[in-house]
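Each ligand, and each atom within it, is numbered from 1 in the order the structure gives.
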Amino acid sequence: MIKKIKKPMIVFHLSVECFPVAKVGGLADVVGALPKYQKKLGVDAKVVMPWYNKPFVQEHEYEVVFDGFIHQIHHTFQVLVLKEKHDVLGYELYLVKIPGLLDRDQVYGYFDESQQFIAFQHAVLHWLSSMKIRPDVLHCHDYHTGLVPFMVEHCPDFEFLKGVKTIGTIHNGEYQGTMDWQMSNYMPRFDAWKWGFLDWNGRINPLATMIKCCNEFTAVSQGYMTELFEEAQGLQDLIKQEHQKAHGIINGIDTEVWDPQTDKMLFENYNIKTANKGKKANKEFLCNEFHLNPDLPLYAFIGRFAGEKGADMLPDIVRRSITETQGALNILILGSGNPQIENTLKQLREEFYVNFAMDLGYKEDLSHKIYAGADFLLMPSRVEPCGLNQMYAMRYGTIPIVRYTGGLKDTVADVSSGGYGLNYTFPGSDDAVHAIKRALYLYGSKKEMNNLRKIIMNLDFSWEKSAKNYITLYKKK
Ligand code: ADP
Ligand code: GLC
């Protein structure tokens, strides 16, 4: 008897970011890692993203697997789908290139962003339909791919894909991609009776569309999903209405990329046993680079200078924690974003150069060095759907100080209740500075610091469990 071989489930992750191809934030880390872990669990996961003029794209080999056209209003755009030849990421990577639209240097920030994202989604579905590729699941990440669940069901050109399961993941509900109804002209033909799926308060809202049309949707932590039911930038009622499809699945981290024992970006590698020595060496290196005294505790912040991250509070936090402790600590900030925050921090650097240093810009290499060399990592976030920084910090033996919100709630328990980090409730600088002082006290006890370091380095934040949870969702009837 011939044994029937069970074909693996085919999942396409659709996203505009994926590490190491193009990264702006945590979305890239998640989309870069999740498919790798799903493959280990027997799912044939692949990533489809726009083509960018970036080093990873230039440095690898590709084959053209599709060459076709899409139409937007009176324009005809060429669509090329390029597959990375050697699956160097551990899964198939497809780049969608549309000369004139998807062929740029950056991921975000262009005036025609809405048109770009519509074209990306249109092109992906056009390619799959034309080539008769019918995956089991289309997993859409954030609003940039939020129109896909609608297009699959209500665009006659994609009839072939009708019924394919669509999963939507909300990495950040603050961004919804709303656009004027005029932009509907840029969409592939759709059943006009179904316009209501696109609309939210008189505008096209791709995140709302994703929630309405997908089979299931997730937020990147249970804590954040609970918050979205109360406040979701105007979508809370919709989320309540669609509650049966809502799930919270916490992100993991790629423990192969983020491993202090093998991380090539560190000054010195270390593991739990050698953490004290290793962290000291990395701290001395960092402090030397930034002209800070390595004998003082080092607090760090890494991230986008945006309101959600509480970055506007950083100047106040820096000033107050240094003056109120009479300079008993050092603070190092790496980030960029809001120019006003950047300028205020630059001025503070002049005033507090003994205890405060900063580096503006996006620097992957330096971020790893900071996770390794800092004693504490600050996350004063107003909103934090999951947050990866706190998990990277813990893996590198750095104690997180976080505001109790979203995914930070789910990952950082406070020392006062048997946990291993410090958290505080109110999003102002008063509470942040108070937590910083509590950490200073903790730093005074070498024994307690070493103990905590061991505990956090041992915590399991790997993707295994969450990758499984997604697969369960893919299979849900
Ligand atoms: P978000 O995606 O909202 O920015 P996350 O905590 O999910 O927040 O992920 C942020 C990711 O971006 C982490 O990998 C972090 O190390 C990285 N990162 C943020 N800012 C910088 C920066 N200026 N330089 C290097 N890496 C950064
Ligand atoms: C978003 C969120 C962040 C989350 C990341 C990955 O950028 O702001 O909290 O960790 O997505 O899911």
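One option in Gly387, Gly26, Gly406 has a heavy atom closer to atom 4 (C) of ligand 2 than any other, and that option is Gly387. If you check each of Val24, Leu27, Thr405 against atom 7 (O) of ligand 2, the one with the closest non-hydrogen atom is Leu27.
Classified by interplanar angle (parallel below 30°, tilted 30° to 60°, perpendicular above 60°), the ring pair Phe117/Tyr108 is perpendicular. Ring pair His171/His141 is tilted by interplanar angle, where 30° to 60° counts as tilted.
Under the salt bridge (Lys or Arg N to Asp or Glu O under 4.0 Å) criterion, the residue pairs touching residues 421-431 are Arg320-Asp430, with sequence neighbours excluded. Note on residues 390-408: pairs passing salt bridge (Lys or Arg N to Asp or Glu O under 4.0 Å), not counting sequence neighbours, are Asp259-Arg395.
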Which protein N or O atoms sit under 3.5 Å from any N or O of ligand 1? Give each pair with its distance.
unit_1, atom_1, unit_2, atom_2, d
ligand 1, 2 (O), Gly26, N, 2.6
ligand 1, 3 (O), Arg304, NH2, 2.8
ligand 1, 3 (O), Lys309, NZ, 2.8
ligand 1, 4 (O), Arg304, NE, 2.9
ligand 1, 6 (O), Leu388, N, 2.9
ligand 1, 6 (O), Asn389, OD1, 3.0
ligand 1, 8 (O), Lys309, NZ, 3.1
ligand 1, 9 (O), Gly26, N, 3.2
ligand 1, 14 (O), Lys23, NZ, 2.8
ligand 1, 14 (O), Asp29, OD2, 2.8
ligand 1, 16 (O), Tyr371, OH, 2.8
ligand 1, 23 (N), Gly361, O, 2.8
ligand 1, 24 (N), Lys363, N, 2.9

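When side chains are defined from C-beta on, Asn282 does not count as touching Phe285, because their heavy atoms never get closer than 4.5 Å.
Counting heavy atoms closer than 4.0 Å to ligand 2, residue Val30 contributes side-chain atoms (C-beta onward) but none from N, CA, C or O. Contacts with ligand 2 closer than 4.0 Å are made by side-chain heavy atoms of Asn251 only, the backbone lying farther away.
Less than 4.0 angstrom separates some heavy atom of Val220 from each of these atoms of ligand 2: 12 (O).
Thr274 and Asn271 are linked by a side-chain donor-acceptor pair at a separation below 3.5 angstrom, with hydrogens and angles left out of the test.
The shortest N/O to N/O separation between Glu308 and ligand 2 does not fall below 3.5 Å.
Between the side chain of Lys465 and the backbone N or O of Gly252 there is no donor-acceptor pair closer than 3.5 Å. With Asp142 contributing its side chain and His144 its backbone, the two residues share no donor-acceptor pair below 3.5 Å.
Glu384 OE2, 2.5 Å is the protein heavy atom nearest to atom 9 (O) of ligand 2. Taking atom 11 (O) of ligand 2 as the reference point, the nearest protein heavy-atom neighbour is His171 CB, 3.3 Å.
Considering Asp414, Ile399, Leu459 in turn, Leu459 is the only one that fulfils the side chain to side chain contact (heavy atoms under 4.5 Å, CB included) rule with Tyr420.
Applying the side chain to side chain contact (heavy atoms under 4.5 Å, CB included) test to Asp365 and every residue at least two apart in sequence or in another chain returns Met265, Lys369.
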